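Predicted model, so just to flag it, every value in this text is computed and none were measured.
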Amino acid sequence: MERRTRVRFAPSPTGPLHMGGVRTALYNYLFAKQRGGDFIIRIEDTDSQRFVPGAEQYIIDSLRWCGIIPDEGVDENGRIVETPSEKHPHAPYRQSQRKDIYRKYAEQLVENGYAYYAFDTAEELAAMRAEAEARKETFIYNHETRGRLKNSLTLPKEEWERRVKEETGWTIRFKMPLDRIVKMDDLIRGHIEVNTGILDDKVLWKSHDGLPTYHLANIVDDHLMEITEVIRGEEWLPSLPLHYLLYEAFGWTDSMPRFAHLSLLLKPDGKGKLSKRDGDRLGFPVFPLQWVNQEGEITRGYREEGYLPEAFVNMLAMLGWNPGDDRELFTMDELVKAFSLERVIKSGARFNPEKAKWYNREYLRKMPDAEIAAQFREILDSHGIDRNRFDDTYVLGVIRLTKERATFIKDFWDIAHYLFIAPSSFNEADAKKFWKPENVALMKQAADFINGFEPFTEEDLEPALSDYIHSNEWPMGKVMNTLRLALIGSSSGLGIAAVATTIGKEETAARVAFACKTLS
């Protein structure tokens, strides 16, 4: 009988969730939903020294903003579940609350000869590393060194049993077998073979805090939570031989999940992993939401920059995966149907910030005008624009007029602020270039033509104004740029007919009069 698909996203709360982490969560979610399975979130907080307050909730909030909703692990209010229930049978989903589970599994490995107690202090290990470096060698805790170190393999049984009972600071290490070929399969990278002779004896459990390391905790939890596929970043690929051997040591090979290791997100130049520093340097976010650290430093987020969550998700999906054709725009439901690990690339995926903007622009164009207008209202409020003066119909008209020019909703103010407030000053370079007596005189006549024209619609006025200027044999550019300068304060912007028919005849005449008075 085929097992129900169950995948998990297991981040560590050591800081804000990187967009690469969001992509990992997304691919897990798409994989599960396509197969009618479950997407689980589990917080791996066993590294107590690197724990950052607020990071856990940031991770959950980021996924919710993206529409990546877990089936298990998070309750309806967006909190990690701590108590088992019918919907969340494997709770708690925070590893620090599962600490009592792991020690018995670590000790089971010791009893069966797959692990051992190690009593070397951090200072002693550091000294051995320094000595090895002085000899231009690398110290590795493995089959070559464990026989001369302080552990249950070298100490008398009575002594190490006493030390386990009486002391803290010892660890349990995996006993890596000597000269064995570990044969593994990866859903993305294919067949992999590694000789254990080059691997070290990883720490599995730490007595000083009673917590396991990632290696033990994630194997035990994946088994207990019946995970069928582990889809994670390629930084965990070197750990795969150990994880295979742990499944074997526990006797869980029949239920071992399949593994898939995703490639890195790369810098825009393709040289190295994409980092926060790259975003700061090049002017784009690398986190889904704004993050404020304990020192009060604010790091920008895609949400606060004005990106739509659907555009952000679509962009991330295409970073390392392709549908097999030229299509680039997908809803979440369409991604669920189209996604496959077979089409995930092995090499790193280069991030293109301009492409990210393109996705947002495309999604903004698909967004209902009324929805944009409702959000733009908040921006107008922030600029003190009176709602009573500009009704919903007017705002909706501005959106329709300028939609093709915008990438973000905040852009509508930059593009069309002059449709709500008259210019109080004028672009100095444009005024110097176009505000000349002969141009002003022609502009005034063109303005008079506009104010006497009927029907007063953009569709009718635009060709009529052009014909009027041509029939008088006036220089088109000079007349139109001078008129636009008077109406919006600059020579670049929307067409004259669009501006005039939006603000109305009375406002058009008033702005021309103000420009003549101010610039003359």
Side-chain angles (χ1 to χ4, degrees), residues 65-66 283-285 288-290 300-315 329 331 353-427 430 456-459 461-462 480-481 483-508 510-511 514-515:
W65 178 68
C66 293
F284 58 81
L289 312 182
Q290 178 177 282
R300 61 207 300 183
Y302 277 88
R303 181 180 65 182
E304 290 72 21
E305 290 288 298
Y307 282 84
L308 302 171
E310 300 86 354
F312 179 65
V313 165
N314 195 156
M315 178 269 294
L329 298 176
T331 65
E354 292 307 311
K355 191 68 174 182
K357 292 179 182 179
W358 177 86
Y359 273 106
N360 206 73
R361 187 160 52 246
E362 292 300 310
Y363 271 85
L364 187 64
R365 289 171 179 170
K366 291 173 174 287
M367 193 172 173
D369 295 340
E371 192 174 332
I372 297 174
Q375 294 188 37
F376 183 48
R377 270 291 190 190
E378 298 178 10
I379 296 174
L380 293 174
D381 290 343
S382 70
H383 286 281
I385 302 302
D386 187 355
R387 286 186 174 233
N388 294 323
R389 184 179 173 195
F390 300 100
D391 60 18
D392 291 343
T393 301
Y394 186 90
V395 175
L396 195 59
V398 171
I399 297 301
R400 289 170 178 161
L401 185 62
T402 57
K403 192 173 185 178
E404 292 300 310
R405 293 170 174 249
T407 298
F408 305 101
I409 290 177
K410 62 184 179 182
D411 291 346
F412 286 101
W413 176 256
D414 296 328
I415 295 167
H417 62 276
Y418 48 77
L419 299 179
F420 297 92
I421 53 175
S424 58
S425 61
F426 300 89
N427 182 279
D430 290 342
F456 199 59
T457 65
E458 181 186 356
E459 294 75 15
L461 177 59
E462 186 171 8
M480 296 297 270
N481 281 312
L483 186 53
R484 188 180 289 107
L485 178 65
L487 295 183
I488 70 175
S490 167
S491 64
S492 61
L494 292 171
I496 297 300
V499 174
T501 54
T502 300
I503 64 176
K505 292 182 177 181
E506 184 177 338
E507 179 67 13
T508 297
R511 292 189 183 189
F514 176 78

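A 6.0 Å sphere centred on CD of Glu462 holds no more than 12 heavy atoms belonging to other residues, nucleotides or ligands. Sparse packing is recorded around NZ of Lys366, with 12 or fewer heavy atoms of other residues, nucleotides or ligands lying under 6.0 Å away.
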Check: Going through the distances and angles, do Phe376 and Leu380 end up as a side chain to side chain contact (heavy atoms under 4.5 Å, CB included)?
Finding: CA-CA 6 Å; Phe376 183 48; Leu380 293 174; 3.7 Å; yes
Next item on the list: Assess whether side chain to side chain contact (heavy atoms under 4.5 Å, CB included) is satisfied between Lys357 and Phe408, documenting all intermediate values.
Entry: CA-CA 8 Å; Lys357 292 179 182 179; Phe408 305 101; 4.2 Å; yes
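A donor and an acceptor atom, one from each side chain of Arg361 and Thr407, are located under 3.5 Å apart. Side chains of Asn427 and Ser490: a donor-acceptor N/O pair is absent below 3.5 angstrom, by distance only.
For the pair Tyr363 and Trp358, the minimum side-chain heavy-atom distance is 4.5 Å or more. The shortest distance between side-chain heavy atoms of Asn360 and Met315 does not fall below 4.5 Å. Leu494 places a side-chain heavy atom less than 4.5 Å from the side chain of Arg405. Using a 4.5 Å heavy-atom threshold, the side chains of Leu364 and Asp411 count as separate. By the 4.5 Å heavy-atom criterion applied to side chains, Phe412 and Ile372 are counted as neighbours.
Arg300 places no side-chain N or O within 3.5 Å of a backbone atom of Glu305 that could act as its donor or acceptor partner. Side-chain N or O atoms of Tyr302 include one that pairs as donor or acceptor with a backbone N or O of Pro285 at under 3.5 Å. Side-chain atoms of Glu304 come within 3.5 Å of backbone atoms of Gln290 as a donor-acceptor pair (strictly under, hydrogens ignored).
In this structure, the salt bridge (charged side-chain N to carboxylate O under 4.0 Å, His left out) partners of Asp369, at least two apart in sequence or on a different chain, are Arg400, Lys403.
Note on Glu507 versus Arg511: salt bridge recorded, some NZ/NE/NH1/NH2 to OD/OE distance being below 4.0 Å. Using a 4.0 Å cut-off between charged side-chain N and carboxylate O, Arg377 and Asp392 make a salt bridge.
In this structure, NE2 on His417 lies 10.0 Å from CD1 on Ile385, to the nearest 0.5 angstrom. How far CG of Asn481 is from OG of Ser492: 9.0 Å, rounded to the nearest 0.5 Å. Note that the CE atom of Met480 and the CD1 atom of Ile496 stand 5.0 Å from one another [nearest 0.5 Å]. Summarising the geometry, atom CG belonging to Asp381 is positioned 4.0 Å from atom CZ belonging to Arg387; distances are rounded to the nearest 0.5 Å.
Counting all heavy atoms, side chain and backbone alike, Pro423 lies closest to Leu487 at CD-O, 3.4 Å. Nearest heavy atom pair, residue Pro309 against residue Cys66, reads CB-CA, 4.4 Å. Closest non-hydrogen pair, Thr402 versus Ala416, comes out as CG2-CB, 3.9 Å. Here the shortest heavy-atom pairing between Leu419 and Phe390 reads O-CE2, 3.8 Å.
Aromatic ring centres of Phe312 and Tyr307 lie farther apart than the 6.0 Å criterion allows.
In this structure, Tyr394 and Phe420 have perpendicular ring planes: the angle between them is above 60°, well past the 30° mark.
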Side-chain atoms of residues 499-506: list all donor-acceptor pairs with protein atoms under 3.5 Å, sequence neighbours left out, distances to 0.1 Å.
| from | atom 1 | to | atom 2 | distance (Å) |
| --- | --- | --- | --- | --- |
| Thr501 | OG1 | Ala497 | O | 2.6 |
| Thr501 | OG1 | Ala498 | O | 3.4 |
| Thr502 | OG1 | Ala498 | O | 2.6 |
| Lys505 | NZ | Asn451 | O | 3.4 |
| Lys505 | NZ | Phe453 | O | 3.0 |
| Lys505 | NZ | Glu454 | OE2 | 2.6 |

